[in-house]
Amino acid sequence: MKKVVVITTGGTIAMKYDPVTQGLIPAVSGDDLIEAVPALREVAAIEVVEFANVPSGHVTPQMMFELAKMADQYAEREEVCGIVVTHGTDTLEETAYMLSLATKTMKPVCVTGAMRGASETGPDGPANILAAVMTAASEEAAGKGALLIFNDEIHAAAEVTKTHTTSCATFHSPGWGPIGHVYFDRVVFRRQPVNLEKICPPVLVEDVYLLKTYAGMDAYLFKLLAEKPVQGLVVEALGCGNVPPAVKEGIEYVRSRQIPVVLASRVHTGRVVPAYSYLGSARSMEPSQIILGGELTGLKARIKLMLALGLTQDVTELQKWFDN
């Protein structure tokens, strides 16, 4: 029988209601999670590894980076056909993208979680774990980068995002949709993620910040970050890459300190493009050598910049990573 390694990190999927605090708290071990899904025995032999048991808001990028190395370590074993990572949903898309970029293996790496705790009515965790293991055991899942499996849908890590605070149908890939679906008897893929990348630096540069642009924003926060100084900055711009005039001033101040700046968009779908030439447009900031972030959200652009800075600080070389 195929073997799938399940790496647990905690999150709602591993929580139960606590009457003292009147909320969900970490309370379920990795072995408990697997025992709650008897049908797994018909899919694959399961090996459980407990990486952590924390809410996903406690997971740092360095932990995500270490998780990628752990996934590679287990994937090197010949008898292991795939990896599943259970994780809280709040930062799940960031971890999924880190795993997609930073793992070297071509074997399936599937991440999942739950929106309902283990003690709640109708917990979704067991079904999500089963779907993730079925996907990890599927030969067709190989070579597709890290995949996020939720609510029987399979999403590419670069495209997926959390869209609802409490719904079990929270994960979607705006503009693209899922790449496949998990049925009770098989896993079906209908498209292949393209332009898959691997960025595997020796170290992760964590000192990268993310600022979201809003109407009337000034340069204050940009100047503070430049004075720190940070190692990198991602700016979620308006529309296709435009910012208020004062924000342009702030970005140029950051760039004057030779700090790489990636321009993403706060809009859910579409690329950052230099379509306009007015003050504050992406084109008007080209002399500062800002990096256009393509279709990536600010969250994912930050993950990519952290990895890429571990290889180079040259903005021309960094732009190549974001051109893909």
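Starting from 1, each residue takes its place in the sequence as its number.
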So, the side chain of [X] versus the backbone of [Y]: is there a donor-acceptor pair under 3.5 Å, distance only?
{"X": "Q231", "Y": "L309", "answer": "no"}
{"X": "R255", "Y": "V261", "answer": "no"}
{"X": "R191", "Y": "G177", "answer": "yes"}
{"X": "D72", "Y": "K104", "answer": "yes"}
{"X": "T8", "Y": "G10", "answer": "no"}
{"X": "T163", "Y": "T170", "answer": "yes"}

For this session: Determine, stepwise, if the pair L299 / I303 fulfils side-chain contact (heavy atoms from CB on, under 4.5 Å).
Result: CA-CA 7 Å; L299 294 174; I303 294 295; over 6 Å; no
Exercise. Does the distance from a Lys or Arg side-chain N to an Asp or Glu carboxylate O, for E227 and R257, drop under 4.0 Å?
Worked result: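 So E227 pairs with R257 through a salt bridge.
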Exercise. Distance under 6.0 Å and angle within 45° of the ring axis: does K304 meet both against F322?
Worked result: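 Yes - K304 lies over the ring of F322, closer than 6.0 Å to its centre and within 45° of its axis.
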Can you tell me if [X] has over 12 outside heavy atoms packed within less than 6.0 Å of its [atom1]?
{"X": "E42", "atom1": "CD", "result": "no"}
{"X": "R271", "atom1": "CZ", "result": "no"}
{"X": "Q313", "atom1": "CD", "result": "no"}
{"X": "Y278", "atom1": "OH", "result": "yes"}

For this session: Determine whether the side chains of S281 and K248 contain a donor N or O and an acceptor N or O closer than 3.5 Å.
Result: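 There is no such pair between these side chains.
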Exercise. Does the side chain of E236 come under 3.5 Å of the side chain of Y214 through a donor N or O and an acceptor N or O?
Worked result: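 Per modelled atom types, E236 and Y214 side chains form no pair under 3.5 Å.
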Exercise. Where do V4 and E47 land on the side-chain contact (heavy atoms from CB on, under 4.5 Å) test, with the steps shown first?
Worked result: CA-CA 6 Å; V4 172; E47 181 176 338; over 6 Å; no
Problem set entry | Transitive ILVMFWY cluster of V194, excluding itself - 4.5 Å side-chain cut-off |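 Its cluster partners, ordered by chain and number, are none at all.
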For this session: For side-chain contact (heavy atoms from CB on, under 4.5 Å), just list the numbers for R302 and Y209, CA-CA rounded to whole Å, side-chain angles, deciding distance to a tenth of an Å, and then say yes or no.
Result: CA-CA 7 Å; R302 178 174 174 260; Y209 281 69; 5.9 Å; no
Exercise. Run the side-chain hydrogen bond (donor to acceptor under 3.5 Å, both in side chains) check on S56 and H87 step by step: do they pass?
Worked result: CA-CA 7 Å; S56 64; H87 195 287; 4.7 Å; no
Is there side-chain contact between [X] and [Y], with at least one heavy-atom pair below 4.5 Å?
{"X": "E206", "Y": "V208", "result": "no"}
{"X": "I179", "Y": "R190", "result": "no"}
{"X": "L40", "Y": "P38", "result": "no"}
{"X": "I129", "Y": "T86", "result": "yes"}

Problem set entry | P229 to I259 - nearest heavy-atom pair and separation |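 Result for this residue pair: CB-CD1, 4.0 Å.
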Problem set entry | Exercise: identify the closest heavy-atom pair between V205 and G310 |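 Nearest pair, atom of V205 first, then G310: CG2-N, 3.8 Å.
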Exercise. How many angstroms lie between atom CD of E140 and atom CZ of R186, to the nearest 0.5 angstrom?
Worked result: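 The CD atom of E140 sits 10.0 Å away from the CZ atom of R186.
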